[in-house]
Amino acid sequence: INGFPEIFADREHIKECLMNILLNSFQAMPDGGEINIKAIAQDSKFVAVTISDTGIGIPLENMDKIFEPYFTTKRLGIGLGLSVTKRIIEEHSGKIEVESNGIGTSVKVMLPV
């Protein structure tokens with residue numbers, strides 16, 4: 001995209017991260033809902049990709065656990081998606097932030113330009 005800063009990252013690993021986040025969003029909306037994806041250049045230092053859904057949200061008591069390996073609330077999950085995602089983002093000198101208010105969740109991935 002013209003004018004959008006370029007990031008240097010492993011395309012397949014970042015794709016895996018974004019797919020993990022999207023999968024969680026879909027699974028949080030068993031009766032349907034809306035997912036929004038937004039990418040912006042932030043402070044000329046980062047590109048931020050935010051994925052927001054209108055799902056069931058993350059209970060407050062689970063927020064500190066969501067990046068722990070093998071933590072899951074899903075019947076068929078093994079709890080590695082977000083822990084692997086966080087590790088990959090941090091290995092790219094990036095950051096990941098999660099906000100949830102009980103009516104949806106937003107995950108922001110920030111990667112350096």
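Just so you know, these numbers use all the heavy atoms, side chains as well, and skip hydrogens, waters and symmetry mates.
Nearest heavy atom pair, residue Ile7 against residue Pro112, reads CG2-O, 3.4 Å. Between Asn20 and Gly81, the shortest heavy-atom distance links the atoms ND2-O, 3.4 Å. When all heavy atoms of Ser83 and Glu68 are compared, the closest pair comes out as CB-C, 4.1 Å. Between Ile14 and Ala9, the shortest heavy-atom contact is CG1-CB, 3.7 Å. The two residues Ser25 and Asp53 come nearest to each other via the heavy atoms OG-OD2, 3.0 Å. Scanning all heavy atoms of the two residues, the minimum distance from Ser100 to Gly57 falls at OG-CA, 3.2 Å.
Cluster membership check: Phe4 shares its hydrophobic cluster with Val113, using side-chain heavy-atom separations under 4.5 Å among Ile, Leu, Val, Met, Phe, Trp and Tyr. When hydrophobic clusters are built by joining Ile, Leu, Val, Met, Phe, Trp and Tyr residues whose side-chain heavy atoms come closer than 4.5 Å, directly or via intermediates, Tyr70 is grouped together with Val98. In the hydrophobic clustering of ILVMFWY residues, with side-chain heavy atoms under 4.5 Å counting as a link, Ile37 and Phe26 come out together. In this structure, Val84 is a member of the same hydrophobic cluster as Leu22, with clusters built from ILVMFWY side-chain heavy atoms closer than 4.5 Å. Follow the hydrophobic side-chain contacts under 4.5 Å out from Ile88 and you reach Leu111 in the same cluster.
In this structure, NZ on Lys45 lies 13.0 Å from CE on Met110, to the nearest 0.5 angstrom. To the nearest 0.5 angstrom, Arg87 atom CZ is 7.0 Å from His13 atom NE2. Atom-to-atom distance recorded for Asn24:CG and Ile66:CD1 is 9.0 Å, nearest 0.5 angstrom.
Heavy atoms from other residues, nucleotides or ligands lying under 6.0 Å from CG of Asn101 number more than 12. Counted within 6.0 Å of CD on Glu99, heavy atoms from surrounding residues, nucleotides or ligands total 12 or fewer; the atom is thus considered open. With a 6.0 Å radius and a threshold of 12 heavy atoms from other residues, nucleotides or ligands, Ile103 has its CD1 atom at or below the threshold. A 6.0 Å sphere centred on CE of Met63 holds more than 12 heavy atoms belonging to other residues, nucleotides or ligands.
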Original post:
Going through the distances and angles, do Glu91 and Asp10 end up as a side chain to side chain contact (heavy atoms under 4.5 Å, CB included)?
Top reply: CA-CA 10 Å; Glu91 286 175 355; Asp10 182 306; over 6 Å; no

**OP:** For the pair Ile89 and Cys17, evaluate side chain to side chain contact (heavy atoms under 4.5 Å, CB included) and give the outcome as yes or no after the intermediate values.
**Re:** CA-CA 8 Å; Ile89 297 301; Cys17 292; 3.9 Å; yes

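Two residues are said to be in side-chain contact when any heavy atoms from C-beta on lie closer than 4.5 Å; Ile96 and Ile21 meet this criterion. At a threshold of 4.5 Å between non-hydrogen side-chain atoms, the residues Phe71 and Leu82 do not count as touching. At least one side-chain heavy atom of Ile35 sits less than 4.5 Å from a side-chain heavy atom of Met29.
Using a distance-only test at 3.5 Å, with no hydrogens or angles considered, no donor-acceptor pair links the side chain of Thr54 to the main chain of Gly33.
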